[in-house]
Amino acid sequence: MNKRKRARRVSRRQFLAAGGGLLGTALSLPSLAAVAGGAASRSGRIVAAVSERALTLDPADHYSISTTSMLRHIFDPLIDVTNDSRFVPALAEAWEAENDTTWRFTLRKGVTFHDGSPFNADSVVYTLRRVRDDSRLIKSFVYQDLDAIEPDGEHAVTVTSKRPFGSLPSHLTMLGILPAGAAGKEEGFFQKPIGTGPFRLAGWTRGEKADLTANPEYWKPGVPKVEKVTFRFVPEISTRAAGLRAGEFHVIDRVPPDMVQTLRATPGVRVMSVLGLEVQQWLFQLARDPDKNLRLRQAISLGIDRDAIIKDLLLGLARPAVCPIPPGLIGHTDLGVKPHDPDRAKALLKDAGYRGEPLDFVLMKDLYPKQLEVAQAVQAMLGEIGVVINLKNMEIATAREMRSAGKYDMFYSGWAHLPHDPDWYFGQWFTKSGAARLSRYDNPTVERLIREARVPDPKVRQQKYEDLQRILWNAEEPTIWPYYTVAVYGVRSNIRNYQARSDYYVLLSDASIG
Amino acid sequence: MAGRRASESARARDRGGRLRRGGRGLRRFARQNPLAVVGGLILLSAVLACALAPVLTPSDPIKTGFSGRLRPPVGVGGTWAHLMGTDNLGRDIWARVLYGGRVSLALATGAVLLAAGAGVALGLLSGYTGGRADDLVMRLADIQLAFPVIMLAIAIIAVVGTSELAIIGVLALSGWVLYARTVRANLLSIRSLEYVEAARALGAGGLRIIVRHILPNTTAPILVIGSAQFATMVLLETGLSFLGLGIQAPRPSWGNMMAEGRDYLSNAWWLATIPGAAISLVVLGANLFGDGLRDLLDPRLRHR
Amino acid sequence: MSRYAARRLWHAALTLFGVSILVFVVLRVMPGDPAKMLLPEGAPQSAVVELDRRLGLHRPLGEQYLIFLHSVFRGDFGQSFQYRAPAARVVLDRVPATIDLTIAAMLLITGVGVPIGLVAAVRRRTPYDYAGMVFAVLGQSLPNFWLGIMLILLFGVTLRWLPTSGFEGWRYLVLPSLTLAAYPTAFIARLTRSGMLEVLDQDFIRTARSKGLPATTTILRHALKNAIIPVLTVIGLQIGTLLSGAVITESVFAWPGIGKLIVDAIFSRDFPVVQTVLILSAATFVLVNLLVDLLYTLVDPRIRYG
């Protein structure tokens, strides 16, 4: 046992030595760049601790927010999204819909991958065809509608789809572009992937840590501002907060409301918050007791005091929802806050013939901070109007099975609107086929409106979404959308220019440490 | 060799009688073993306090009060209205400790009883029958031990749901092997003793032999193991709650109180620390009591 | 001796086989669909079905088991559903961290637990004994995640003496190993104490002392050898627990070990990783206990296996 330990220690030293060599080379680069282009000097290392584990380095093979944050530093997408949900050019300088089923992207010139190979139409064609054709990739199903993906010269790509695909640009903000040279060698490529992004991958410990070093040849001038970035994946909030307070982490995400005060009171730490793009949704099982169901739903909605939850449990870190889509996204409109009216609720219950049968409120364990508290608060509030709620806090896999089987009355869920577009959300939750194993929603009018909203014209889309949301929000209330959550980050005071994002991404290319 | 066997059998015969004479020795035991008495008293007070919960507190352990969240206990800034403060939903912690104690203590007791019952039965079967049954039980035990409790817990609870019965079952599953192995070892060593062979020759049936000769000898170690395991079960319940597999909210248990309170350790330490203190107290009592019990029942230690 | 060894190996093989079948069946009987866990909530049913097919989960159970056995002999144990890498690779990457933590914890357990038990037994009913036992009870009664978080808050945040999470050097080992070792150390201390007490009172010890042999020699040579046996047994059992069950400690300290790996894998229904970890830890457990039994023969020459 002794020998093994010694051998391991040597190899770790060797690894560190190798890493040091890499660091040394990387450190000498900025001075070269400074000599070459007079660029601003880069220094320091920012450590970010995020709440989900990153399981893969393949931009096409995950839907995790933390992984998107980390990979955004290595890969560039065609289109970027700003903090107020506007789409801006990244690797695509411009894009337009030539007709309802055709998009054309004009690509940026003079960009190279980390190994020096040029970025051009071939890279885009390869990336898109791969995600469409390899059904093993997690993002594949989104791109099934893509028909022809053709280069148009070296710096433009035309994409046609089988049906209108107005939300394509939003999906593309989450898809990092890969070099065409990776074709056929993907397994080896993703051991040490390269992209066009502001940072290169220096080291990766699966599920734990990613070390990135600055890419001095990045196409955007003045970016990045730090030499090194490390992402640590730490799901346990008390550990993330402890690391921030001890100075080991510089940025942490998903700070729960109760920890805000502790962080503010810690010297050297500040708290940043912004209204987020995440909406909680409490589904009703619509196929149960269809006669009573509408009045029961309305009664439950009236029985919940959203303001009390926001004020007392979330400590003001949420805003009452006015429609299913959060502000900033296309389709958002003000349909009025839902009232709290226990008396009317009780009347509706009597009207519906509800006699106190217990309703199962299923939660997926640990999905959202404070969800158990909020659910218990809802249980107490509904208890006051005579509705008996059984909480069932189950592990995620089992909860999802129960949902598919319809074995629930209410289901605690949520939706982070990524990509920044409501089409996927409505298409999945409010079409007959999509909702078949979810809430069992079925309304042909709404389904038609969702389909019609898929065209690229933003004005048409806004109108369609407003119309269908009126049906959902005012008439039917198939789901309770209680509030929009506020994204809270903990940041050390010596970090400059960090932007708290509403989409929960942690992006550090513009940040500096000093 | 023969002499040794004779003294062994003499001691074995003696053990049954010793238990009966134990009553008189209890007072002397109490004087010699004050710690064990303390342990027993602690356990007794804990059980009584939890049983008398409605008398000891007017508060409802489930009633929420959003305006009075995270109040500290008396002595560190709190009021007498909430002796041990309130939790993240404004519920009274003293009430939750008492009512939660009912659940945790009942679960631990049930688990120990089930584990002991099943373990002893399987150990007897295994040791007495021998052969195929013995092999089967021992392999099952090996497989069981090599299997992390966590996985069994997740699997069982995923299928059956988080009922008290499921939790007791899972806890018992993690503990039966110790009883089985002990009983079996005891049985094997006694089986060949002369007086047992004599009894068999005289026509006594298997069950009679087990009850009259074998069980009394195994009672002592079972009691000792049981009292030690009681503490382990309480802690296992805490671990299950940490993973979300224990008693479900809003019903309190010491385990889920600690699990829910762990995110507040830096700003409201009492949420997790007070049930933790309750657990420590009960474990202390169980360990002291168990040690004393072993001292009482182990004949070798009596000659001091 | 060789007949005994052969019999033990046969038992070990049976146990491993039993574990593998049990794991395999339990995973597939549990509710929860691996494809649903990999895909986002908004994925259509067709994507779920397709991914299940790609993962081979549509095949009959027996065929899946044979494919799995084949992957064991091939050495990769199948492809992890979550990580898209060979399951064996995913697990082995995390084994060093767990081994380091286990060794550190075992050093504490034997280096602190056994001496405390010894001192408490030899100095019975003195303050040493009482202090040792108070420590033991505390160690056995504090839930480990509470202890872990408190240690982080005290030594990591307030005092800033030690790092709060992760594994990037030996200093990162201190708090997690203290947390992991607390319960077993206390347990071993009490076990050592009671084992020593039993031995110290036996006739032959009294005889040796009355013959005038010095106390320390007597204790160390005779008593310890006898008292060690139950301690060895428990250590053998504890290693299994430590290796495959440091789940809570690893969660609290973000320790890149296999305890957290397996719990995450179970919750995500990553069958190949769960199967790999369980079989490897079962094998380790069986091996360690075999070693412990062999150690018995060294410690106590009276024990012979035929």
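Within every chain, numbering begins at 1; the chains are lettered A, B, ... in the order of the sequence lines, protein sequences first and strands thereafter. Heavy atoms only: backbone and side chains are in, while hydrogens, waters and symmetry mates are out.
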Between A/Lys311 and chain B, with a heavy-atom cut-off of 4.5 Å, which part of the residue counts as in contact: side chain, backbone, both or neither?
neither
Heavy-atom check, side chain of B/Asn267 versus side chain of A/Met259, under 4.5 Å:
no
B/Pro275 and B/Trp270, any side-chain heavy atoms less than 4.5 Å apart:
no
So, B/Arg181 and B/Asp142, do they make that salt bridge, N to O below 4.0 Å?
yes
Is the closest side-chain heavy-atom distance between B/Asp92 and B/Thr57 below 4.5 Å?
yes
Kindly indicate whether the side chain of A/Glu373, heavy atoms from C-beta on, has any atom under 4.5 Å from the side chain of B/Arg69.
yes
Portion of B/Ile157 that has a non-hydrogen atom of chain A nearer than 4.5 angstrom
neither
Under 4.5 Å, heavy atom to heavy atom: which of residues 361-368 of chain A reach chain B? Give them by number, or say none.
A/Lys365
Region of A/Ala308 in contact with chain B, defined by heavy-atom distances below 4.5 Å:
neither
Does a side-chain heavy-atom distance below 4.5 Å link A/Ser238 with B/Ser266?
no
Is there side-chain contact between A/Ile252 and A/Tyr489, with at least one heavy-atom pair below 4.5 Å?
no
Against chain B, label A/Met381 side chain, backbone, both or neither, depending on which of its atoms sit under 4.5 Å from a heavy atom there.
side chain
Could you tell me whether the side chain of A/Pro320 reaches within less than 4.5 Å of the side chain of A/Pro482, counting heavy atoms only?
no
Got a donor-acceptor contact below 3.5 angstrom from the B/Asn256 side chain to the B/Ser253 backbone?
yes
Please look at A/Glu401 and chain B and tell me whether the side chain, the backbone, both or neither of the residue comes under 4.5 angstrom of a heavy atom of that chain.
neither
So for A/Leu263, is it side chain, backbone, both, or neither that comes closer than 4.5 Å to the heavy atoms of chain B?
neither
Carboxylate-amine/guanidinium proximity below 4.0 Å for A/Arg492 and A/Glu248
no
Verify the distance criterion only: is there a donor paired with an acceptor across the side chains of A/Gln376 and B/Thr64 at less than 3.5 Å?
no
Who among B/Ile62, B/Leu89, B/Leu70 has the most heavy-atom pairs with chain A under 4.5 Å?
B/Leu89
Sort B/Arg91 into side chain, backbone, both or neither according to what part of it lies under 4.5 angstrom from a heavy atom of chain A.
side chain
Non-hydrogen atoms of chain B under 4.5 Å away: do they reach the side chain of A/Glu236, the backbone, both or neither?
side chain
If we define contacts as heavy-atom pairs under 4.5 Å, which of A/Thr398, A/Thr262, A/Ile309 has the most with chain B?
A/Thr262
